[in-house]
Each structure stands twice: as structure tokens, then as C-alpha cells.
Amino acid sequence: MSTATLHEPHVHVDATGAKIAMWLFLFTELLLFGGLFLAYAVFRTYYPADFHYATTTLSVSIGALNTALLLTSSLTMVLSVAALERLNRRLSVILLGVTALLGILFLVNKYFEWSAKFHHGLYPGSQDLALHPDGEKVFYGLYFTMTGLHGVHVLVGVGVLVVILAMIARRPRRTVSVPIAAPTALALQGDGGPLWNQAADVQLDAVDVTLVYRENQAVAHRQLIKLENAGLYWHLVDVIWIFLFPLLYLIS
Amino acid sequence: MSHSNADAGARPSYLEVSGRRTGILGWILSTDHKRIGILYMSLILGFFLVALCIGLLMRLELLLPGPTIVQPNTYNALFTLHGVIMIFLFIVPGIPAMFGNFFLPIQIGAKDVSFPRLNLASWWLYAIGAVMALLSLFTGGGVPDTGWTFYVPFSLRTGTNVPLAVLAVFVMGFSSILTGLNFITTIHRLRAPGMSWFRMPLFVWSLYATAWIQILATPILGITVLLVFLERLFGIGLFDPAKGGDPLLYQHLFWIYSHPAVYIMILPAMGVISEIFPTFAKQKIFGYKAIAFSSLAIAFVGYLVWGHHMFTSGISDTSRWIFSLLTFIVAVPSGIKVFNWVATLYKGAIEVPPPMLFALSFIFLFSIGGLTGFVVGALATDIHIHDTYFVVAHFHYVMFGGVGIAIFAALLYWFPKMFGRMFRYRPFFISWVFIFVGFNTLYFPMFIMGWLGMPRRYYDYMPEFQIWHQISTVGSWLLATGVFIFFIYFVKSLRAPRGAPDNPWGGTTLEWRVPSPPPAENFIEIPTVTAGPYDHHGEGDV
Amino acid sequence: MEKKELMPYGTYIMIWFGLLVLTGVTIIAASLHFGQWSIMTAIAIATVKGALVLFIFMNLKREERLFKIMLSLALVTMTVIMVLTFADISFR
């Protein structure tokens, strides 16, 4: 097949509309975390020294590792989309799986990080934390809330990716079997022209075969829209972390 | 084209076409935007009446000083519930959910919104949030007694069921966001051929501006209530001064949503007025573009004024004069609209059936509310009247006298289109008299007693305020009478014989070109638009 | 029928590499103790990283202008909210 890329078939699927909707949803996420970033900015202004100190108690290595994991998952995500655009389903599914895996690793890391903090009594409401200065209390409150909310979004994202992975991995279901009188090499012409069974000199029912080709295109197109939009969500989760990391782990 | 769409009267309407399920399931699982609009209407109007009754109870308590019918704690719960229901279950969803859902697609010549299933999900989220809010009545420590504003630190400490209530608000916020998302996409993508942006009805413009506020402001409410929830559950401590938190930060975050929220409430109401006035003055709206751009301006500048709710809370002087200045500025586009509506009437052939009567009273009542907004928005006067009944009167004039009256107007204006029946004018004229007289009797004295120093949310008062409270309470009875007459005849008219004309008022927007009630798919043929939305006299008619 | 040109796999990989490098730069810059400036530097670098993800990975660069306008609206709103809040915080 020479045309190895996907083009938009004439079906009633509003790709732009779906994309607008996803971007609008991303704006809501931006504003949701924006409220937390605002709180962070306010409290940083109130308690610069306490924030400075509390930042040093977070492990830069784990934070950096998590950053690398998410950045890489963004790469595999966008590569997965690129693969599906090139009709390479297999590669797309593999990359999608890797993306989800990296997301899970991120969460595993987070689990260890949080456990360490709990172990040291540095969690909201703990008696140990009550003894620390106010600014540190607020810092940890922000730390757990921001990374917690972010983690929830990663988890949901992984779920969405798995669902889409399953959707793409399954063969498109609308296949039509075309009965052939005698074994003949089937040559699919690009324009879906008629096929001729040389033995019987009968025009085979080429319309069905063309339908299969176009149906696959339509299904793949719809899947691509979903994959792209899921990718947008995943990238946003990455962007939020890109800002969380320096603000929570590095600034001191 | 218009012939074939009008001839669609022979086809079954959306009231008859159930889709894959029948009966009640055919309604609550329907993805038809018209059915969803009706679903919203049934819940929204129901909650309005519930909250109205709570208001009546409050006014009854205030008829006399001291305990009259309830104890102080109950009174706190009453005004909290009144506010939560009126704001989150009635006014914020209000016009976009009921009339936006029903008429947006039709007014732009589309068959439905961009995401019909998401639309249904919005309704379900609303319903679930409502159930959760009502559950807080019977669970935990009972209904919150914090006021609908849930100010910290009291909302963190009170034993009432704040967690459930704020979670309910979160869920309903999601509903609002999804509706906004759907509307923006629909308006961008599904306009009929020939319907450029400046040929859209002004109601659609108002829904567009509102949808942007829903998208960009509601998440801030989401994070705010989430933080209150987490603080109560885990002691996070961002708002609790005992833990180094800042209670003013809560107020900032809360009002960063809740001020734009009032524009979510008023913009669609203004859109309704922009539809009704040209129809009953029989001429096109004055200053279409000015009104369209004013809607966007109100939406944007509305983000810049929230601090005026906090003038006496302890924020910096610098921010106070900035917010006060911005508050004065945001009034300008609203003023432009009022002038343009009135100008639309000039030299018009004015008819005043009930919807127009309500629409006209909107101008009067909303203007009083808006002008008193200057009094609260100016720093010097606000110090004096903040948290008094003056504020209560101000916002009831804009929200009830504005949005509420616009909802009554819209219910009547679009009644024949939605239900295919016509109502008798007389009962609604009578209800209007009770509503108008009752409303002013109820709320105007509040300006006076607020000015004299009567604080809000107080269940007891000094003797010098008694006369004003009593006048006010009598006003509440008159108002309630009018509202009940309205709803009784509204329901009765639902059983009037079918056969209302497609265009009883002579409206020019697209919904008047389809049958009353519309068929399930709205249009047999999507129309091509060749004229502006309010062009009367057949100038370039579609 | 639109046949947009596809972005080569290699471009995405290069951007990813750049993102990792910038992350390293951020970490090093943070340990250099610029004081007041460290927060500005960190945010600046994060903004560049975010922009790369936004424009290349999320394809904003090649989308219709509408998307860029909408994003600007959201970012302006967020900025305005922060600035106005600090009109209070900074001057108390």
C-alpha cells in the first residue's frame, strides 16, 4: 500500500470539535491547579525561610527521577500518536503501553516518597508536624495536596490510556468476508476498482471490499482522535509536574 | 426551506419521540437537548420553590424580635440552605441549563449540541449533586450553618455536615463545566451555513460568554471546596490560622469564582431580554454589536472585581481601591445594554403580553440593583453597609429582580414553543402584580434598614428595625402569592389544548421557524441564514 | 480530506532530549543559590519546558489560531487572578 498515512474519510466525526472540547477541559485543569499554585505563591511570600528549609527535606533525586519518567512518558505518548497516524497499530499500542507503565512507575515512586514522609511523622495532622513552625506545616500541607491531586490525575490518566490501548489493540470489527469462487490472488487497487476473477471472468463484489478499507480508515480515524485527545490530557499532567518539581523540590 | 421546516408539524415532536427507551427512561436517559432542558427545568423550578419556602420561613422568623418560630441555630441552617439551593441549584444552572439547552441548537440551526451524551451526563451530575446537598440535611451534623459562603475558620470547626455539602457543590460545579464546554464547542462548530458570528442571536452570544466563565472560573471553586474538605478530613491547614494558614486566602479563592458566578447568572438573563424586546417592539435590537461585545466585556472584567466582597475583611488598602475602581468599570457594559434595550423600544410598535411585562420590569428592578451596586462598590459607603441588609437588598434586586424575573419572562416567552400550547394572559398579569408589588415591598425596606445598621444573617434585632422587618415580611407573602399563582397557572397551561401557532409573537430568530413543539431533530433541512437575527419586515428573510 | 504533513519521530525525540537537558539545568541552577533569582530562573526554565511540550508534543504550533487564542485567554485569566491577589498580599 503506497498511501501509508491516514486521511480523513467522509464520515460525520467532528475531529476539531473533539479537540476544542479537550482543550477546554485542559483549561479547567489549569485553573484547578492554578488555585493551588496561587496558594503556594501566597504562602511562599509569607514564609520564605520555612519554605526554604522544608524544600531541603524533599529528595531531589526522586523528584528528578519522576520528572524524567513523566517527560519520557510524554515522548512515548506522542510517538504512539505518530505511529497511529502512520497506521502502525502495533507500534502505537506498544508505545501506549510503555506510557502507561511509566505513569505507574511515577506513582510507585510517589508511594515511596510519601511513605518516607509518613514514617518521619511529616504529614498533615500529625503530632510531630504540629511541633514544627507554621510555615513548614503549610508547606507540607501544600506538598501533599499538590502532589496528591496531581497523582490522582496521573492515575486517572493511566486508566484512560489502558482503555484506549484496549480499543486500538482490538481489530476493527467491521470486516466483511468476500466469497471467492476459486483461489485467486486478490489485488486491492487504490481506487477500489473492480476485481476480476480470471477463472470465471466474473466481477467480484468489489464494493464490500472497498467498504472494509474505508471502514478501517474511519475506525482508525476515530481512534486517532481519541488517542490524540488522551495524549493532550497526558501532556498536561506532565506540564503540571514540570512546574511542581522546581517549586516544591528545588527552590531554596 | 422554511416551508419544509414549518411543514414538519406533521412529524411527531420531541415530546412524543422517545428514542430507544420509553416512559420515564426515555426522558432521564435521553440525549435530546430539548428533553434535557425539560429535565433541568423540572428540577430547577422545583428547587426554586423549595428555597422560596425556606425564605418565607426566614421572613416569618423575622416578623418579631426574639425567637418566633425557630431557634438561632436552625435559623443559621435556614439561610445557609436558602443560599445554597438558590445559588447552586437554581440560579447558576438556571437559564443556560433550561433554555440554553433547549434553544441554543435551534437558534443556530443545529440538530443538537456537539456532545449530546455529555449533555445528559451534565444533568445527571446536577441531579446527583442536588441529592448530596439534600442528604446533608439528614446526615453528619445536619445542614451547614455557615452561610452559603462557607467562610473559614467557622466552616472548619462547625459540627454540621460541611464536608458533604461542599462535595455536593464540587459535583454540581462539574456539571456546570461540562455544560460550558458543550456550549462553546457547539457554537464554534455547529452554526448553520450563513450564520456568521454577527448573525447569531444575542441569547447565543450571552451563552457563549457565560460558557467561558463556567470553564475558567468554576475550577477555582472546585479547588477551594476541595481544600475545605481536605482540611476538615486531614487537617491540611492552609486556611486555619492556628496552623499558619490564611483565612483571607479562602475568601480570595472563594470570591474569585463567586463573583464571576454572578455573571454566569446575569448574562443569560440579559440574553433573554435581548430576545424578548425586539420581538415585542417589532424592530431590531438597537446596537447589536455593542451588546455582543458588552457580554464579552462583562465576562472578562467580571474576573477583576472579586475583592469588593472583602473590603472589610482586612485586605490591603492598595487592593481595595483597585477593586473598587474595577467594580465601577464593570458596570459600564451593563449600562450600555440597558440603554440599548430601552432604545430598542423607541418608535417601536410595542405590545405588552405577559412575557414582555416581565421583561420590562427586569429593566426597572435590575437597574435599581445595579445602581445600588455603586453604593456597595464605593469604599467609603461600603464600610458602613457591608454585611448589612443593604447588601441583601442589592443582590436580591439583581438576582431575583434581574435573573428571576428574566426566568419568568423566558418561561412565558418560550412556553408555546416548548409545549405547543398557549396560556391565558390574565392569570399571569395578576401574578405579575403580586410579584412586582410584593418584591418591592419585601426588598426595598431592606435598603432602609441596612442603611440604618441592621446586620444580615441575624435572627434577632433591635426594636427600631421591627417596622421594616414587618413590612418586608408582608411583602414576602405578596411575592409568594404571585409566584404561586404563576406556577399554578404554568402547570395548568401545560394541559391546555395543543395547537399553539409556530410563531405567536412574531419572533425572528430560528426557533420561531420550526413547529411548536419542535420535532426531535429540530430541522428537516438545516436552514441557510441570509439575514441578521432581528431583521423584521422581511428584510432579507431566511 | 486533509493530509497534513506528519512530524518525524526524530523531532519528538530531539525535543525530549532537550527537555531532559533543561531539567538538568534547572537542578544545577537551583544548587547555585541565586537567592531571589533562583525562583525566577526555575520558573523561566519550567516555562520553556512547558512551552516545548505545549507547542510540539501537544501540537499547538500547527493547530488553527483558535487554539492559541483560547489558551491565551486561559493563561491571561490565570495571570490576572494571581496579580490581583498579590495586590492584597504584597501590600498588607
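In what follows, chains carry the letters A, B, and so on, assigned in the order in which the sequence lines appear, proteins first and then strands, with residues in each chain numbered from 1.
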task = Can you see which heavy atom on A/R86 is nearest to which on C/Y9, and at what distance?
result = CD-OH, 3.5 Å
query = Once you round to the nearest 0.5 Å, how far does OH of A/Y46 lie from CD1 of C/I89?
reply = 3.5 Å
Non-hydrogen atoms of A/A64 and C/I27 that approach each other most closely = CB-CD1, 3.6 Å
A/L70 portion near chain C, given a 4.5 angstrom heavy-atom threshold = neither
ask   = What pair of heavy atoms forms the shortest contact from C/E64 to A/T16, and how long is it?
value = OE2-CG2, 3.7 Å
Under 3.5 Å, which donor-acceptor pairs link side chains of residues 29-42 of chain A to any protein atom two or more places apart or in another chain?
| residue | atom | partner | partner atom | Å |
| --- | --- | --- | --- | --- |
| A/E29 | OE1 | A/H153 | NE2 | 2.9 |
| A/E29 | OE2 | A/H153 | NE2 | 3.0 |
| A/Y40 | OH | A/R44 | NH1 | 2.8 |
| A/Y40 | OH | A/L247 | O | 2.5 |

request  = Assess whether atom NZ of C/K61 is packed by more than 12 heavy atoms of other residues, nucleotides or ligands within 6.0 Å.
outcome  = no
Rounded distance [0.5 Å steps], CD in C/E63 versus CH2 in A/W23 = 7.5 Å
query = For C/T77, what residues pass the side chain to side chain donor-acceptor pair (under 3.5 Å) criterion, not counting sequence neighbours?
reply = none
Region of A/T28 that comes under 4.5 Å of a non-hydrogen atom in chain C = neither
key: Atom pair NE2 (A/H235) and CG (C/L60), whose distance is rounded to the nearest 0.5 Å   = 12.0 Å
Over all atoms of both residues, closest heavy-atom pair of C/F57 and A/L75 = CE2-N, 3.9 Å
ask   = If you round to the nearest 0.5 Å, how far is CD1 of C/I45 from CG of A/L250?
value = 9.5 Å
key: Donor on one side chain, acceptor on other, C/W16 and A/S74, under 3.5 Å   = no
remark   = Looking only at A/L232, A/L236, A/L24, most heavy-atom pairs under 4.5 Å shared with chain C are made by A/L232
Atom pair OG1/CD1 of C/T23 and A/I242 - distance to nearest 0.5 Å = 7.0 Å
task = Could you check A/I20 against C/M70 for side chain to side chain contact (heavy atoms under 4.5 Å, CB included), going step by step and ending with a plain yes or no?
result = CA-CA 9 Å; A/I20 292 178; C/M70 287 188 172; 4.0 Å; yes
request  = Could you tell me which portion of A/I240 (side chain, backbone, both or neither) has an atom closer than 4.5 angstrom to a non-hydrogen atom of chain C?
outcome  = neither
